[in-house]
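In what follows, a structure is listed as structure tokens, so that the remarks can point back to it.
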Amino acid sequence: MQKNLLKSLLIPVAATLCFSTAASADSQVAVTTPVSQEPWWKHAVFYEIYPRSFADAKNAGVGNIKGIVSKLDYLKDLGVDAVWITPCYPSPQIDFGYDISDYENIAPEYGTLADFDELIKEAKARNIKIIMDLVMNHTSDKHKWFIESRSSKTNPKRDWYIWRDGKNGQPPNNWQSIFGHSAWTFDPATKQYYYHFFYPEQPDLNWRNPEVKKAMFDAVRFWLDRGVAGFRLDAITTLYEDPNLKDNKVLPGKNAYGDPNMANENNDHSLEIHDVLRDLRSLLNSYPDDRVLVGETFGKDLADLCLMYGRNADEIQLPMNFQFAYINKLSAPDFRARIKEWDTNPVQGWPVYLFNNHDTTRSYVRYGDGIHNDQIAKLMATMLLTLRGTPILYYGEELGMENRDPQTVEEVYDPIGKIGWPKEKGRDGERTPMQWTADANAGFSQAKPWLPVTAKYKTHNVAAETKDPDSILSYYKKLIQIRRTNPAMRNGAYTPLNATDKNVLAYLRTKDASNVVVVLNMSNAPQKIKLDLPAAITGKNGHLIASNVSSPDSASLTKELSLAPFGSYVWELQ
Ligand code: NOJ
């Protein structure tokens, strides 16, 4: 699917520098740091909210900040520690907020700065932190900076964006927008082209101009001063382009937009981003309370990801691992390999695990087999919430929300679906209203929601699942609670078990005397397994603390175990 083009923000120029520029392990956050000294984000559960679709407190058909405030008790009850809100700044909403027209305000349809302050205050009262989305690569074409910039070639803000002459009546080079067609748009008034990695309505800022950095960092201070706990950095690898505008290599085949495939080696993954990231981190570090950077960090491999932590662990604390998120098949060997490389990464970067976000078909659909989807959703939750690392949930994942993709091009809101239809249906399907109740519009709004709700909202909603101890929601709550209270789960070392099994992913988490064994049957057949537990803990009985199938409360983990199809088991050793 073409939205997966977002995932192809790849092909780093110098990924091999990872280990030559990365500092020695001892300058990193050591994994053995005592829990009490560890920054909060290492053991937090993050939760992504798409504000347009989460909760509508005004019956307007779109969500808003007051809606989020009204659901804080729900988030608290779920066990969420930090909420990442996708952009809620003023915006023409061409890319639903990722086209910002004012970095220091709240979109009127979502509320006011006073509403936002109330959100921070009410969230704090519940020990929940708020993370903003920071889009530094581009602004909206309606931002006053761009309006000034395009007004004349001599305007002081002209150089805040990337303007170039064309070549023989054509764009300056062959670069393509990740959202389809040329990355250059001609501006008839000044007869030059401007560059945009995304839509034409999202012109790229020129990060080689120091005034751009100053203006963006002022915006960062604005939100830090208001009490945000950090930022999720949008499209962070795309800040810089080759100043000589070298053509990109053309690859075989065409994408869903009908454009030739391209490597993007000259307009993505420039190492110049690291200076900005270091300065941004320093700015955050000048504030108390361990403010955090979460990165939308696409890369082709682990080495790319390692770079994002910074040479001295001085850049992004939580770079997202899309290689894990997008394995897209229930494969024990694939998950095992990814987890292992991540858990033992050479810079000791703290892992970050997620399966979902607003750009990707929901995991319920990607990993479900169409028959056992609820059970598989619990299996995936078991993995996400029992690994050593910080998990990020996407709203509704905890209910087993599925996609509701547009049926016709007329229904599509997301421009990539309009440009790429029918091969690319866009991202509306994973952005449907949160399912609160079985009432009309899933209790999201009394007005017609901006997107239709999914087909299964009558069963997969907060009200119904809260009452059902076997629901996906109850299972998420249980696992989050275990993470919070169990020392091995919270901070224990990760040891893979039965590392050659093709169907079962099994591992041990250990912290001092506390041990937890997790076993996930990723196949649709029953499996038998004898765990290769380390000698020190064989003979101990396993007390089942979470499972997606009904099983005996305790088991001798030394004996052969019978696993149900798609069964997940979490045993505490006693
Ligand atoms: C990545 C965001 O997640 C996506 O939704 C957006 O369209 C692009 N960046 C452009 O900002």
Side-chain angles (χ1 to χ4, degrees), residues 1-10 46 48-54 84-101 103 107 131-143 146 161 176-181 183 195-205 207 216 219 231-239 241 256-257 264 267-269 273 293-299 308 316 318-322 325-326 352 354-362 392 394-395 403 412-420 424-432 451:
M1 130 189 6
Q2 203 63 13
K3 57 192 166 193
N4 292 353
L5 266 184
L6 279 171
K7 296 169 213 157
S8 62
L9 305 176
L10 304 173
F46 282 64
E48 179 191 351
I49 286 183
Y50 201 69
R52 203 169 186 78
S53 301
F54 189 63
W84 147 34
I85 306 175
T86 64
C88 52
Y89 315 89
S91 161
Q93 305 287 349
I94 298 292
D95 191 13
F96 297 102
Y98 284 96
D99 47 325
I100 298 171
S101 53
Y103 283 80
I131 307 285
M132 292 290 266
D133 210 312
L134 184 62
V135 185
M136 301 204 290
N137 177 67
H138 50 268
T139 68
S140 160
D141 64 341
K142 301 294 180 296
H143 195 295
F146 188 72
Y161 294 83
Q176 283 168 187
S177 159
I178 200 87
F179 288 162
H181 312 326
Y195 170 71
H196 47 89
F197 192 80
F198 297 97
Y199 298 126
E201 293 86 352
Q202 294 168 298
D204 272 47
L205 286 159
W207 276 86
M216 195 59 78
F231 299 91
R232 175 265 189 187
L233 302 176
D234 183 67
I236 193 62
T237 59
T238 63
L239 287 198
E241 304 76 31
Y257 309 117
N264 294 338
N267 54 343
D268 196 4
H269 285 99
I273 64 167
L293 294 175
V294 180
E296 190 194 23
T297 39
F298 286 100
M308 295 299 169
I316 298 177
L318 297 176
M320 294 188 214
N321 184 350
F322 294 105
Y326 300 154
V352 185
L354 71 150
F355 291 123
N356 288 290
N357 67 27
H358 60 284
D359 292 327
T360 308
T361 301
R362 284 181 178 270
I392 306 180
Y394 179 52
Y395 81 93
N403 265 55
V412 179
Y413 279 85
D414 182 8
I416 67 170
K418 292 182 184 160
I419 302 168
E424 168 57 71
K425 291 191 166 59
R427 299 163 292 178
D428 297 345
E430 55 264 28
R431 300 173 174 180
T432 61
L451 286 174

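Here, residue 1 is the first one in the sequence, and each next residue gets the next number. Indexing begins at 1, ligand by ligand and atom by atom, following the structure's order.
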Fill in the blank from the handout: Near H138 (heavy-atom distance under 4.0 Å), the atoms of ligand 1 are 10 (C), 11 (O)
Practice task
Just do the side chain to side chain contact (heavy atoms under 4.5 Å, CB included) check on N267 and D204 with the steps written out, would you?
Solution key: CA-CA 11 Å; N267 54 343; D204 272 47; over 6 Å; no
Completion exercise
For R427, the atoms of ligand 1 under 4.0 Å from one of its heavy atoms are 4 (C), 5 (O), 6 (C), 7 (O)
Fill in the blank from the handout: Numbered in order shown, the ligand 1 atoms found under 4.0 Å of a heavy atom of D95 are 6 (C), 7 (O), 8 (C), 10 (C), 11 (O)
Practice task
Classify the contact between R232 and ligand 1 as side chain, backbone, both or neither, using a heavy-atom distance cut-off of under 4.0 Å.
Solution key: side chain
Problem - Ring centres under 6.0 angstrom apart (H196, F179) - result: no
Handout entry: Part of F179 within contact of ligand 1 (heavy atoms, under 4.0 Å)
Key = side chain
Exercise for the section: Show your reasoning for whether side chain to side chain donor-acceptor pair (under 3.5 Å) applies to D133 and T86. Expected result: CA-CA 5 Å; D133 210 312; T86 64; 5.3 Å; no
Exercise for the section: Number the atoms of ligand 1 from 1 as they appear, then name those within less than 4.0 Å of a heavy atom of D359, with their elements. Expected result: 1 (C), 2 (C), 3 (O), 4 (C), 5 (O)
Handout entry: Residue pair D141 / Y199, side-chain donor-acceptor N/O under 3.5 Å
Key = no
Fill in the blank from the handout: With heavy atoms and a 4.0 Å threshold, my read on which part of M136 contacts ligand 1 is neither
Exercise for the section: Would you please test W84 and V294 for side chain to side chain contact (heavy atoms under 4.5 Å, CB included) and show each step? Expected result: CA-CA 9 Å; W84 147 34; V294 180; 5.6 Å; no
Exercise for the section: Decide whether the shortest distance between a heavy atom of E48 and an atom of ligand 1 is less than 4.0 Å. Expected result: no
Problem - Numbered atoms and elements of ligand 1 in range of H358, under 4.0 angstrom, heavy atoms - result: 2 (C), 3 (O), 4 (C), 5 (O)
Problem - Subset of ligand 1 atoms that lie under 4.0 Å from at least one heavy atom of R431 - result: 5 (O)
Practice task
Taking only Lys NZ, Arg NE, NH1 and NH2, and the carboxylate oxygens of Asp or Glu, determine whether K418 and D428 approach each other closer than 4.0 Å.
Solution key: no
Practice task
Before giving the answer on side chain to side chain donor-acceptor pair (under 3.5 Å), spell out for H358 and Y98 the whole-Å C-alpha distance, their side-chain angles and the decisive distance to 0.1 Å.
Solution key: CA-CA 12 Å; H358 60 284; Y98 284 96; 3.1 Å; yes
